[in-house]
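The structure appears below as structure tokens.
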Protein chains: 2
Amino acid sequence: MTSRRGPYAKGTAKRAEILSVALEVVAEKGCHNASNREIAERVGLSQAGLMHYFGSREELYMAVLRARDERDSAAYWEPDPSFAGFLRVIENNTRVPGLVQLYVEFSAEASLGKHPAHEFFRERYEWVHQRSVESVRAAQASGEFGPHIDADLVADVLIAAADGLQQQWLLDRSIDMVARLQAMWAGMATLSRLDAEIDPVTAEATPTE
Amino acid sequence: MTSRRGPYAKGTAKRAEILSVALEVVAEKGCHNASNREIAERVGLSQAGLMHYFGSREELYMAVLRARDERDSAAYWEPDPSFAGFLRVIENNTRVPGLVQLYVEFSAEASLGKHPAHEFFRERYEWVHQRSVESVRAAQASGEFGPHIDADLVADVLIAAADGLQQQWLLDRSIDMVARLQAMWAGMATLSRLDAEIDPVTAEATPTE
DNA sequence: GTCTATAAAAGGATAGAC
DNA sequence: GTCTATCCTTTTATAGAC
């Protein structure tokens with residue numbers, strides 16, 4: 001059980017090693033200044049050797065991000081598909097600034113035109129969105145959210161706030177992302193409960209008027 | 001009045017032209033793939049000529065972003081330093097995807113270590129934050145928000161949601177950023193009013209329990 | 001101010017040998 | 001699998017003419 005079946009054992013281990021080193025280099029220099037050459041050197045490969053495992057810089061970075069998602073998903077989301085689970089993912093990101101930076105910069109790079117990672121990020125967004133919708137529905141089931149809320153909209157706002165807070169946090173590591181997300185979540189929850197009790201349509205109000 | 005005083009007239013006009021062309025190229029290729037050579041060519045300058053105006057790629061992009069901020073600030077923020085003004089800025093961004101992409105990618109690139117634009121983005125954030133705090137205070141004055149809210153926290157969340165929604169929007173141009181921001185704002189407002197009326201501390205609640 | 005020319009360094013990607 | 005060698009492109013920066 002120490003090695004997986006024959007021919008793939010080494011390749012798999014090497015791939016994992018590359019992913020980890022790639023993350024290390026990105027964390028130090030940023031996605032923009034991390035070069036295949038440097039990653040290859042640190043793994044003890046030539047640049048062409050690196051290309052054997054990942055056909056391009058984009059493939060490599062996608063793989064790094066995918067590995068992160070799989071790890072986080074297994075560790076936080078799946079055991080607890082609620083807002084609390086979501087918060088644990090964000091809180092954990094605090095320990096891996098390199099990943100956060102890679103995610104923001106690479107997804108921005110991929111957002112324009114026909115970039116090789118464009119589809120990857122679209123699909124990833126769908127996935128995160130669905131997960132978040134589940135969290136909202138769980139909160140509705142528990143009564144924290146009212147029944148009339150638009151779960152897709154809340155999910156979008158939640159993800160947006162989390163992404164934007166990560167951008168802020170990259171510039172200033174002292175900000176408390178979790179506290180801010182909790183405040184936002186509580187606001188949406190309160191609003192949704194009032195909608196249910198008072199008027200399903202009203203979303204704005206000027207009480208002192 | 002057609003030209004500013006003598007020696008600077010041409011330099012100023014040329015700089016403005018370069019900024020506009022740089023934006024055009026970034027909009028097409030993304031900040032990552034826009035090259036000084038191509039920008040210079042399209043302006044009708046050599047690369048060395050371009051470098052005469054902006055000493056580096058970073059300086060040039062900072063200048064593009066600064067010009068945008070000045071324009072938007074004059075057009076939307078200053079006439080209306082409220083949440084509505086904030087929304088008009090966001091809504092306007094819908095018309096300049098290149099700028100949005102440049103902002104997200106370049107700020108992410110600059111967020112790591114000692115990047116030449118790091119300080120620029122930190123200062124810019126301070127500025128946007130202060131502007132947003134003013135919007136929150138205006139909403140408190142009008143009674144839309146309760147008096148006990150943490151305006152800095154609301155401002156951070158508002159900016160985060162706006163930034164994150166722009167990331168989403170870059171990947172999927174069909175999402176309605178303004179509607180989502182309004183929902184979030186309404187939630188925070190409602191929460192803040194309840195805090196004032198019921199209990200200044202409570203931010204979460206499970207009413208059906 | 002603007003050009004041509006040019007340098008040295010670095011990036012990504014690929015062909016083909018072992 | 002892994003390497004060497006090579007290609008093409010980008011970047012910054014400089015020297016020196018007009």
Side-chain angles (χ1 to χ4, degrees), chain A residues 3-19 21-22 24-26 28-64 102 105-106 109-110 112-118, chain B residues 3-19 21-22 25-26 28-64 102 105-106 109-110 112-117:
Chain A
S3 73
R4 299 170 54 160
R5 45 201 176 299
Y8 291 109
K10 194 193 171 192
T12 306
K14 200 78 184 168
R15 262 184 76 103
E17 193 194 341
I18 294 170
L19 290 180
V21 170
E24 197 179 296
V25 177
V26 169
E28 271 173 46
K29 322 252 221 179
C31 150
H32 185 70
N33 290 313
S35 73
N36 289 354
R37 272 189 177 79
E38 176 153 12
I39 294 167
E41 263 169 37
R42 290 211 210 174
V43 187
L45 273 182
S46 69
Q47 196 226 157
L50 180 67
M51 284 294 135
H52 172 74
Y53 290 95
F54 303 91
S56 68
R57 168 185 172 276
E58 284 84 10
E59 283 297 333
L60 174 55
Y61 291 166
M62 279 189 260
V64 172
L102 174 62
E105 186 175 349
F106 191 48
E109 179 192 327
L112 222 51
K114 258 194 61 52
H115 189 283
H118 192 94
Chain B
S3 74
R4 300 169 54 159
R5 47 197 174 302
Y8 290 109
K10 194 193 170 192
T12 305
K14 199 78 184 167
R15 263 184 75 102
E17 192 194 343
I18 294 170
L19 290 179
V21 171
V25 176
V26 169
E28 270 174 46
K29 323 252 222 176
C31 151
H32 186 70
N33 292 315
S35 72
N36 290 353
R37 267 190 180 79
E38 176 152 13
I39 294 167
E41 264 168 36
R42 290 211 210 173
V43 188
L45 271 182
S46 68
Q47 195 229 153
L50 182 65
M51 284 293 132
H52 172 75
Y53 291 95
F54 303 91
S56 69
R57 168 185 171 275
E58 284 84 9
E59 283 297 333
L60 173 56
Y61 290 167
M62 280 188 261
V64 171
L102 174 62
E105 186 174 351
F106 191 48
E109 179 193 327
L112 221 53
K114 259 193 61 55
H115 189 283

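Throughout, a chain's letter reflects where its sequence line sits, starting with A, and its residues are numbered from 1.
In this structure, CD1 in B:Ile39 is found 11.5 Å from CG in B:Leu45, a value given to the nearest 0.5 Å. From B:Arg15, atom CZ reaches atom NE2 of B:His52 across 10.0 Å, with rounding to the nearest 0.5 Å. To the nearest 0.5 Å, atoms CZ (A:Arg42) and CD (A:Glu17) are separated by 12.5 Å.
The A:Met51 side chain lies nearest to C:dA13 when the options are C:dA13, D:dA13, D:dC3. For B:Leu45, counting side-chain heavy atoms from C-beta on, the closest listed nucleotide (D:dT12, C:dC3, C:dG11) is C:dC3. The side chain of A:His52 sits closest to D:dG1 out of C:dG1, D:dT6, D:dG1. Listed nucleotides C:dA15, D:dG1, C:dC3 differ in distance to A:Tyr53; the shortest reach to its side chain belongs to D:dG1. Closest to the side chain of B:Ala48, from the set C:dA13, C:dT14, C:dC3, is C:dC3.
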Derivation of the salt bridge (Lys or Arg N to Asp or Glu O under 4.0 Å) call for A:Arg57 and A:Glu109: CA-CA 13 Å; A:Arg57 168 185 172 276; A:Glu109 179 192 327; 2.9 Å; yes
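Close to C:dA10, at under 4.0 Å from its OP1 or OP2, lies no side-chain N or O of A:Ser35. At D:dT10, none of the side-chain N or O atoms of B:Asn36 fall inside 4.0 Å of OP1 or OP2 (strictly under the cut-off).
One can place CD1 of B:Ile39 at 12 Å from P of D:dT10, the figure rounded to the nearest angstrom. Per the geometry, CZ belonging to B:Arg57 stands 14 Å off P belonging to C:dG11, to the nearest Å. Across the protein-nucleic acid pair, B:Glu41 atom CD and C:dT4 atom P stand 11 Å apart, rounded to whole Å. A straight line from CG of A:Asn33 to C1' of C:dA9 spans 14 Å, rounded to a whole angstrom. Note: CZ (A:Arg15) to P (D:dT2) measures 13 Å, nearest angstrom. The CD atom of A:Glu58 sits 9 Å away from the P atom of C:dG12 (whole-angstrom rounding). Distance CZ (A:Phe54) to C1' (C:dG12): 16 Å, rounded to an integer number of Å. Atom CD of B:Gln47 and atom C1' of C:dG1 are 16 Å apart (whole Å).
The main-chain N or O of A:Ala110 is found under 3.5 Å from a side-chain atom of A:His118 such that the two form a donor-acceptor pair.
Contacts of B:Ala34 with the nucleic acid, taken as non-hydrogen atoms under 4.0 Å apart, involve only primed sugar atoms and P, OP1 or OP2.
Heavy-atom distances to DNA chain D give each of A:Ser46 and A:Arg37 a nearest nucleotide, and the one nearer the 5′ end belongs to A:Ser46.
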